[in-house]
Structure formats: C-alpha cells, structure tokens
**Student:** 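My structure is below; once you've seen it, I'll send some questions.
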Amino acid sequence: MERFAPVSEQYDPDEVEESTFEYWAETDAYERTRKHRRDGEDFFFVDGPPYTSGAAHMGTTWNKTLKDAYIRYKRMQGYNVTDRPGYDMHGLPIETKVESKLGFENKKDIEEYGMEAFIDACQEFADEQLEGLQEDFKSFGVWMDWDSPYKTASTEYMEAVWWGFQQAHERGLVERGKRSITQCPRCETAIAKNEVEYHQVEDPSIYVNFPLAEREGSLVAWTTTPWTVPANTFIAVDEDVTYAAVEATKDGETEVLYVAEGVVEDVLKKGRYQEYDVLETLPGAELLGWTYDHPLADEVAEYPDFEGSGEVYHADYVEVDRTGLVHSAPGHGQEDFERGDELGLDVYCPVGSDGVYDSRAGDYAGQFVRDANDDIIADLDANGYLLASETYTHDYGQCWRCDTDIIFLATDQWFITVTDVKDELLDNIDDSHWYPHEAREDRFKNFVEESPDWNVSRQRYWGTPIPIWLPEDWDGDMDEAVIVGTREELAERADQAVDPADIDLHRPTVDDITITEDGTTYERVPDVFDVWIDSSVASWGTLDYPGNSEAFDRLWPADLIMEAHDQTRGWFWSQLGMGTAALGEVPYSDVLMHGYANMPDGRGMSKSKNITVEPGEVIEEYGADPMRLFLLSRNPQGEDMRFSWDETENMQRDLNILWNVFRFPLPYMRMDEFDPEAVELADCELEAVDEWLLSRLQTTVEEMTAAWDSYRQDEALDVLLEFLVEDVSRFYIQVVRERMWAEADSDSKTAAYATFHHVLTKTVTLFAPFAPLVAEQIYGTLTGESGHPTVHMEDWPEFDEAWYEPQLEADIETVRAVEEAGANARQQAGRKLRWPATRVVVAADADGVADSVDRQRALLRERLNAREIELVEATEDWDELAYGARADMSVLGPAFGGDAGEVMDALNSVTVARKDLDALEAAVAEELGREVELTPEMVEFVTETPEGIEGTEFRVAGESGGVVYVDTELTDDIEAEGYAREIIRRVQEARKDLDLDIDAEIHLDIAVADDRIADLVVEYHDLVAEETRATLADVDEGFHEAYDIEGVEVTLGVTRAN
RNA sequence: GGGCCAAUAGCUCAGCCAGGUAUGAGCGCUCGGCUGAUAACCGGGAGGCCCUCGGUUCAAAUCCGAGUUGGCCCA
C-alpha cells in the first residue's frame, strides 16, 4: 500500500473488508505471517472441532473470534502457533439428516440402500457443511490453516482414535458389559444421556398388585411403563420405612394389600375401595425376602424365574410416594439395573434394539413395547392384579435427532472404565489451569467425581469403527480380544490384503477384515464409536499422530484450548478422560472457558425455534470488525453474553474514531512530505504533550499485555479504546492541531508528526488482534513499503521504560480535570471558549495537584484560553470561599454506632467559613440539636463555590482536586481577540465551503459595522491572516457573507489568491 | 428435582472477593458549545426500591439464608 495515500472520508467496513481480503490474497499475508514466526517458540493451540451440520451461529462465531484473537496475539509475541482448525464430522446427527434427505424411516432402509452408499452420502454431506463453515469463519477475518483442517472422518484421524483406544485397552480400561442404556428404538442405537431431550408426554399410570406367594395379600407397586412389567424381577422397598397391611373391601370382596403406611389412604382411594382396615404395621426390613408371583406369568411364559427373582429387596431409590414399593426390572431401568447388579441377579430383557418384544415375551412377542401397554393393562386387569389405571403427564426423554421416545434397555456395550482411574483423573485436573479458576474447582471436579464409565459403542454406521476383533465364542476376557491401534498393525495382522496408505477405515471396509492367529479367527464387532470419542483425541489427532510422531513429540500436550461452558462435561472432560486413559496425562495446559451467546433479551438462541441473531446479518449491518470488537469486548471467562446491536454499532463508531484519528494527519504529512524513516523520535524536540502521549502509550501497552496474559482481552480492549478515544482523539489531537496547521516547517511540527506517526502505528498494531481488517488498511497507509507486508507480522509492542513518565501522566490528568472544570465554569458564566478569560484561578486541594498545575501553566493557559493562571496552594485558603464537610463513614460508623447516619446527614448539610473543626462542631450541633465530638479523621473539608464567582470543583484520580474559578471580566483586548477568533472560524468555514485546499492562499476582506469593534479587530489582523492563510485585501467578487457576531454585523469576502 | 453461573440507569456493563454517602462508566435521551477529524469532537442536565424477602452488622449493591427470573450442565 502507498504511504499516506488519501483514504475515504469515513470508515466504511464493507470497503475495508473487501480491499483487505483482496490484499491478503494478493500478498499471501497469512502464509507469510506464519513463516515469519516459524523459528519462534512453539505454542500448541488445539481447536475444538465444531460439528459439521448447519452454519456458524453466534456462539461458534464468538468462539472462533476469541481463538483468532488469541492466536494473533500469541503470534505477535513471537510464538510459532499451531492453528489447525478441526471439524467433527461423524455421528448420528449427520446420519439422521442424510436419512431424512433420502426419505428413510429406519435402519432397514439404510441396509437396503447399502451401507457403503449411505456412508458416502454422509461423507459428502459433512464435507459440504465443512466448506460452508470455513467460508463463515473466513468472512470475519479468522486466520487459521484453512487449507489443511483436521477432519475426524479422515483416515489419519480415525487412526488417532484407534491408537488412543488401544492405549486405554493396554492399561486395562476397556471392557464389554451389560448396562442399562438409553436407546432410540428408531435409530436402533444407544444414545448418550446428553442427547436425550425431555418433553411432556402422557403415559399410563398403573397400580399393580404382585400376589404374595407364601402368605395372603399383594404388594402394590406403581409404574408408568406397563411394558416393563413382563421383565419384572424384584420389588424394592425401603427397609427403614414403615409399611401397612391393609384389609380392603370393594364390592363385598376383601383382600390384603401392602403399601407404605404414609400412603394408605391415597392408594385405597385410587383403588376405589369402600372400606379398609389396617391390620398391622411393620418395618420394611421385615418384608425383605418375601416372595411373590409374577402377575403376567400366564402371558409371559418365560418370565424372570431364576435364582433370586420374585423377591423383595431393599433399594435406596425407594421413596414414600405413590405406594412406597417399586417395581424393578434390571433389564430396563437404570437404577434397577445397578441394584440388580449388586444383588447378583440375572438381567432379563425381552426387547430388541428396535423396541420390539422378542419371543420370550410370550403373548406380546412382535409388538412394539409402547403399543403393548394397552394389552398388558388389560391382561393385568383380567388377572385381577390391576388396582388402578389412569394417565400421568410427565417429562419423558426423546431422541434429540428424531424425537422418538427413548426406551431403557440392558444391552451389551463397550466401555472405557474411567471410574477405575478416577483418582488419577482428579489428580490430572490439577495440572491444568482454568480461566475462570472456579470452573475447574466447582463444576469440573463435581462432574468428574460423579461421572460413570463411558459407553463408547453405537450400533450405527457413520462413525469411527471400533477396532476390536473377537473370536467367535468369546468369553468376555479382554486378553482374548484383538484391539488394533494403527493401519500398519491392521495390515500386518489382517487375513486380507490391506494397503495402509490407501485403506478407508470406515465401515463396511473394515467389517470384512478378519484376523487369524494361532488357529483362531477373529471378527470385528459391528459397532462404531460414539462421536464424542472422536474429538476426545484431538490433542494428538490434530498432529496426525500416531501416523506422524515428530510434531507430537515436540508439542504435546496442548498449551491452550478454549470453548464454552457446555464443554465442561463435553470436550474438556472427554479429553481429560482419553488423555488419562491413553497417556496418563491431561492433554491440555490452559483452558479458557467462555459462556454462551444469548439473545439481546437474555434468552438462549435456538435455531429450531428461530430465535437467533445470525453473524452474517451483523456483518452486513455493521461489519466484521465491529462485530469482532463487540464479541471481544465481553468477559471471556464463564459469563454468558447478551448479543447487542447497539453495542456493536458503538464499536463501529469507535472504529470510525480510529479512522478519523488516523486520517487527520495524513494531508499535512503528505503536504510536508514527512518521512518517518528519516526522523528519529528520540532526536525530535518533543513537547510535553508529545512526551505525555508516548508515556500514555507505554502505560496502555503494559496494561493491555497484563490483561491479555490473564485471558481478559476484554479489559485490554477497554484500555485500548480509552487510550484512543480519551488520549489520542479528545486530547492530543485537540492540542496538536495548531502545530500541524502551522505553515512553516518547524522542529515542533516535525516532533508532532513523528509522535503521531509512532503512536498511530503502535496503536493500530495493538488493534490488530481485535480488528484485523481495518488494522491492516491503516497500517498499510501509515507504513507503505517501509513496514511489514501485513500488520499481523508486527511484534506486539513492548513497554519501554525510556518513554514512561508517570509524573507527566499525572500532571496531564490534572490539566484535563482542570480544563473540564474550567469549561463548565465558562458555561455557567456564559462565556465561549473562543473569548479569552482574563484569569483562571485554580484552588488546589492537594500539593500534588498544585504542583501539576504549576508545571503545566502554559498548557492550561492554552487549553482554557486564559491570559493568566493563578494558583492557590492546598495549604492556603481563598478569602471568599466557604467550606462544607464530607463525612468519612468508616470512622464515623464505629464512633457513633446507630446515630452515625444522622450525624452524617448533619455534617453534609452545614457550611463554615474556615476549614476549622470547632466551627464545624458548632454548626453540626446547631443542625443536630445536640453536641457531638468530631475528630479530624471523621471529616474531609470541601470547597464550595461562593456566590458571585463562577467556579467548578474537579477531581483527580478519584480524589478531590480543588476548584477552578474563571474570571470573565471583559477588556478591549479580550473583546478584540474574541471577535478576531469569531472571524477566523467563519473564514475557515468559508474556505471549506469553497473547497479550497488546506494550503491555498486567499484574499480576505473584513467589514465590521461597529466602529469601535472594527478598530479593535484591526489589532488582530495579523492573527486572522496567519490562521486563515490570507492576505487582507478588497474582495469584489466571489464569496461574500454577512454575519451577526454578538450583535455586531460583520461582512466577510473571501477569494482565492491568484 | 440437583450442581454451577448471572440479575446494578432506557441499553451494555464496572463496583461485590477484603461491608463505609452509587462524584459509577460508555451508549442512548435532552440542552448548550466547538469547528480545516466535522456523519467527528466538548460541556451541562434528566435518568437507580443495586431482582424479592429475611438474617448478620453501628452500617449491606457487597457477607449469609430462602425465593423469583434467565443461562449452562446433570436427572
């Protein structure tokens, strides 16, 4: 880019985006930046892979923006950053999308269509989505290695999964087992707990009598799943609860029922018994071991009838609710399963993976379980075991993909038994640093402590095949199983010819491979891994390990990962588990856990409910950089974000200020052919404000760096924007304007140019990680050929002690406070800034303030347009002042106890003529109606503006600074200058209206209607001429305009000279 | 139902950990000013049951308890 080239008058995000993207492409900016840091210290960042279905939403956008910003920051600090993006491409969500695209209803349709073709369709779908996501991420300036993302569906990556699994196996952490799992009968697979969504459904609610075998009466249990009754194995009671034997009468017949004492009346009412009699009460412990007959023994010939079945046991999950006895079927319910496991009971489950009863279910065989509910209820009724039947609306789990009601089944699944290494997991957690720290201590540790073994198997197609080969009559001994870890290993052990360089590890290719060793042939189990397993190995999968070990040896474990808080139990956890199971270590060092992106009103975003703010819309409305700035201005540590259109607009305005600030000096620098390379800042004759701005830059750099390094880029941005808006725009530019405008070359002007150029270049460098697009444009315009090809190759600015002047910063802070108060006082006096004040009196409250004012008198005079600055030291009083007092409650509270508030009010309301404690006590006593004893520590005296003088208090660094008084007395000279400045302003306006270049010379004709004023103005003709680049002359043609200035008519004529 | 987090001006948020008058900040609103950055910039003003209820304390936005609403996670 050409240095100091003219730029558009306004910040236009669209234009900036377009030209920057073009520039990046032309110059290979990304590749060059990476190359530039090739020899830097390694920084291993790992991208948490987004799932490849759908476009980037605001949450993903926030996440990627944060990642991009931190990667850029780290690069600027010299690191060689790993920035490979990742995509999570396997799993049921994509399968169901493809199924619905192809019009499939269930697994059989897939088998008919052909597994290979179906998997190809899934691959194609995932690839398409991946491309869309990449384009989304690029659209807001993210720089990652888009040309070679890691894909969980790639052969290299699946191998990384296999390897990790094999490592876990070698540590003895893989086993097959029956578990009660949540099954989607449509998808015919187990689904993870977090994939279960809860909806309100209406289910049967039945009370079933289980007839006691060895004594009279029945046990009454309640259930909402009649279809689990065939699998009833035992009845659970609470041994510490009291139960009642009740003789109940209905329609002349009596029977004995056992229920918890506390619910007798409720149950009997449900059963519509007319009378009842409590025969006896007994503790639950006495019921233990009682036996009963299966209520569907006739219908289900092969009902659970084995050692220990049909008995009463204690269980912790029993509550005195409904009946106080719980129908338990370990083949279905999860708690039932666990208790049955403890009791050593067999697991009986007469239901297939599609939710259809098998032959063991007798009369119900072939029926879908939920469809059998009515028959079962009818049969129970016919058998005389139905006490009551009604319906019940409750939350019930459904498959997140297809909304089918889930069922609980005990089936054979593969597990990684992370519970065996729980202590190691908890130890390893301490090796990671979490931001915010509490998330690790509270949320994560709680979760890990309570987490069960991992069911890693899914009975599906589009996933990494589980690399387990089993002999035909396998007995469950893992030593007899073959677990393959790499392609090479597979090629070596397979019976078939396998080319490791070429093989696709997906089903069905691997399904056909067998292994024969020592005369035994092994076949692969048909399952695939749960998709969560894929991403759990990202820390080595992203490095193509084990296929390639160089990067792994050098980089692993990850230096940094960052995701939202839902990943606590997701990716943060799965990586810890897999890292520990496979390598005995936590695979990441730093974790930045951010929040969720919510709607402006605080609701969660939801694509399906059409409650979203789309990143594309925001970019279109306000631009990519403003959106990024907004996202990066939010606290990234745990807290949810509310998206705000208004705040995004504000960011655009702030960038417009950046644009204006940078644009301001360009015409002058161009005109004077300023060459930043030829001027050494240290050799310039810097003025105080220049030194001040350079010092402020150091402070800004230091504060920003500290914020970045503690993962608070939002605070860094605050500091930067404040520096830009407050220091550069609102102060430095205002002060430096006259120096820039001066016609003649001067050391002062050069110093201003050099300062400005240096500060702007550094400032835009500091902006680079936040707003990479506009930063690039500005940087290019400031540096031209002399800088790096891209701002993103710049080093992160370092704090430079040599330019740091804290005293000067404090001085200017005081100057600005005084200036602001002075402007206020002027306004009260109705005196414009253009009219000089004869004097300004600063009555300081503190020595430091007085010293600062004293040192900066010249600057203050200029800023306040005052002829004189008078200073009243802190130790002095100004005769005409009155004083008030302010209470210090930290002293007053303990001293006065309950009366403190009252004393405070009195103190605050009185005034005295002197800063005198006795006088104050007297005044307070008067106000309060009684004497109080005050100490100097209790009060702070404050100046108050006396009548007749225009004064305004000011504060410095949160402390009272003093009062600024403006004397607005008019003299001839002041009037003369006032009018002259009014004229200058109007001439400047005319110059602009006439579209004159800033260095164009003019002829100026001034006619003042009032003779006295006309004479006064003549005194300032030189000033007017200089400021407007004018020669005073008669102007007959061209611009003529009459103005009313303070009631005096002034006519100006302006024309271009020559 | 359980765990974690949040609630302060119209909006977005500081302040809370280490209790002491909310001079709260920016934006917005409004009135005024400035004027070769000008769709920029500066000053004044209005605007608060600090989510609710209890407790601790001389004193609570801040600490504690219960609740409400929202977010995430787990049932």
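Proteins come first, then strands; the chains are lettered A, B, ... in the order of their sequence lines, and each starts at number 1. In this text, all values refer to a predicted model and were calculated from it rather than measured experimentally.
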**Student:** Check A:V966, A:V815, A:V818 against A:L864 for a side-chain contact (heavy atoms from CB on, under 4.5 Å) and give me the one that passes.
**Tutor:** A:V818
**Student:** Once you apply a heavy-atom cut-off of 4.0 Å, does A:E438 come out as touching a base, just sugar-phosphate, or nothing?
**Tutor:** nothing
**Student:** What nucleotide among B:rA39, B:rG71, B:rA40 has an atom nearest to a side-chain atom of A:I657?
**Tutor:** B:rA40
**Student:** Going by an N to O cut-off under 4.0 Å, is there a salt bridge joining A:R712 and A:D718?
**Tutor:** no
**Student:** Does B:rU52 have a Watson-Crick or wobble partner in any strand here, with both distances under 3.5 angstrom, and which is it?
**Tutor:** B:rA66
**Student:** Would you measure the distance from the P atom in B:rU38 across to the matching atom in B:rC63 and give it in whole Å?
**Tutor:** 48 Å
**Student:** Which base sits across from B:rG20 as a Watson-Crick or G-U pair, both distances under 3.5 Å?
**Tutor:** B:rC58
**Student:** Quickly work out the A:D646 CG to B:rC13 P distance and round it to whole Å.
**Tutor:** 12 Å
**Student:** So, under a plain 3.5 Å distance rule, would you say the side chain of A:R443 forms a donor-acceptor pair with the base of B:rC72?
**Tutor:** yes
**Student:** Taking atom P in both B:rA7 and B:rU12, what distance in whole Å separates the two?
**Tutor:** 12 Å
**Student:** Grab the CH2-P distance between A:W573 and B:rG3 for me, whole Å please.
**Tutor:** 21 Å
**Student:** For A:V661 and for A:N656, locate the closest nucleotide of RNA chain B by heavy-atom distance; then report the residue assigned to the nucleotide nearer the 5' terminus.
**Tutor:** A:V661
**Student:** Can you check the distance between B:rG3 and B:rA66, where both ends of the measurement are the P atom (answer in whole Å)?
**Tutor:** 9 Å
**Student:** Rounded to whole Å, how long is the line connecting atom CZ of A:F662 with atom P of B:rU38?
**Tutor:** 13 Å
**Student:** Given B:rC13, B:rA40, B:rG43, identify the nucleotide with an atom nearest to the side chain of A:R634.
**Tutor:** B:rC13
**Student:** Any idea which of B:rG43, B:rU12, B:rC72 is nearest the A:R642 side chain?
**Tutor:** B:rU12
**Student:** Rounded to the nearest angstrom, tell me the gap between atom CD in A:E450 and atom P in B:rG3.
**Tutor:** 10 Å
**Student:** Looking at the side chain of A:R737, which of B:rU38, B:rA39, B:rC72 is the nearest nucleotide?
**Tutor:** B:rU38
**Student:** Rounded off to whole Å, could you give me the CD-to-C1' distance for the A:E820 and B:rG33 pair?
**Tutor:** 14 Å
**Student:** Expressed as a whole number of angstroms, how long is the span from A:F643:CZ to B:rG70:P?
**Tutor:** 22 Å
**Student:** Quick check on RNA chain B: between A:Q988 and A:G604, whose nearest nucleotide comes earlier from the 5' end?
**Tutor:** A:Q988
**Student:** Is there side-chain contact between A:V661 and A:F664, with at least one heavy-atom pair below 4.5 Å?
**Tutor:** no
**Student:** Under the side chain to side chain donor-acceptor pair (under 3.5 Å) rule, what do A:N656 and A:R653 come out as? Steps first, then yes or no, please.
**Tutor:** CA-CA 5 Å; A:N656 191 37; A:R653 297 158 87 107; over 6 Å; no
**Student:** Can you tell me how far C1' of B:rA14 sits from CD of A:E639, to the nearest Å?
**Tutor:** 11 Å
**Student:** When you get a sec, tell me which of B:rA37, B:rC11, B:rG28 is the closest nucleotide to the side chain of A:S729?
**Tutor:** B:rA37
**Student:** Under 4.0 Å, heavy atoms only, any strand: does A:F572 hit a base, just the sugar-phosphate, or nothing?
**Tutor:** nothing
**Student:** Mind checking who B:rA25 pairs with, Watson-Crick or G-U wobble, both distances under 3.5 Å?
**Tutor:** B:rU12
**Student:** State whether A:E820 and A:R816 are salt-bridged, where the test is any N-O pair (Lys NZ or Arg NE/NH1/NH2 against Asp/Glu carboxylate O) under 4.0 Å.
**Tutor:** no
**Student:** Compare the minimum distances between each of B:rA37, B:rU12, B:rC27 and the side chain of A:N650, then state the nucleotide with the smallest one.
**Tutor:** B:rC27
**Student:** Could you give the distance separating B:rA60 and B:rG15 at their C1' atoms, to the nearest angstrom?
**Tutor:** 14 Å
**Student:** Would you classify A:P600 as touching base, sugar-phosphate or nothing, given that sugar-phosphate means primed atoms plus P, OP1 and OP2, and contacts are heavy atoms under 4.0 Å?
**Tutor:** sugar-phosphate
**Student:** Taking any strand in view, what nucleotide pairs with B:rC34 in a Watson-Crick or G-U wobble way, both distances under 3.5 Å?
**Tutor:** none
**Student:** Indicate, with a heavy-atom threshold strictly under 4.0 Å, whether A:G638 touches base, sugar-phosphate, or nothing.
**Tutor:** nothing
**Student:** Got a salt bridge between A:R986 and A:E982, using NZ or NE/NH1/NH2 to carboxylate O under 4.0 Å?
**Tutor:** yes
**Student:** Determine the Euclidean distance between corresponding P atoms of B:rG65 and B:rA46; express it in Å to zero decimal places.
**Tutor:** 39 Å
**Student:** Rounded to whole Å, how long is the line connecting atom CG of A:N660 with atom C1' of B:rA39?
**Tutor:** 9 Å
**Student:** Does A:E647 make a side-chain donor-acceptor contact with the base of B:rG26, cut-off 3.5 Å?
**Tutor:** yes
**Student:** Taking atom P in both B:rG44 and B:rU62, compute the distance separating them and give it to the nearest angstrom.
**Tutor:** 31 Å
**Student:** Return no unless some side-chain N or O of A:Y668 is found under 4.0 Å from OP1 or OP2 of B:rA37.
**Tutor:** yes
**Student:** Measuring only the P atom in each nucleotide, how far is B:rC51 from B:rC11? A whole number of Å is fine.
**Tutor:** 13 Å
**Student:** Could you work out which one of B:rG43, B:rC72, B:rA39 sits closest to the side chain of A:Q10?
**Tutor:** B:rA39
**Student:** Evaluate the side-chain proximity of A:L859 to A:E819: yes if any heavy-atom separation is below 4.5 Å, no if none is.
**Tutor:** no
**Student:** Can you name the nearest heavy-atom pair linking A:W659 to A:Y11, along with the distance?
**Tutor:** CD1-N, 3.4 Å
**Student:** Roughly how many Å apart are B:rU69 and B:rA22, using the P atom of each and rounding to a whole number?
**Tutor:** 30 Å
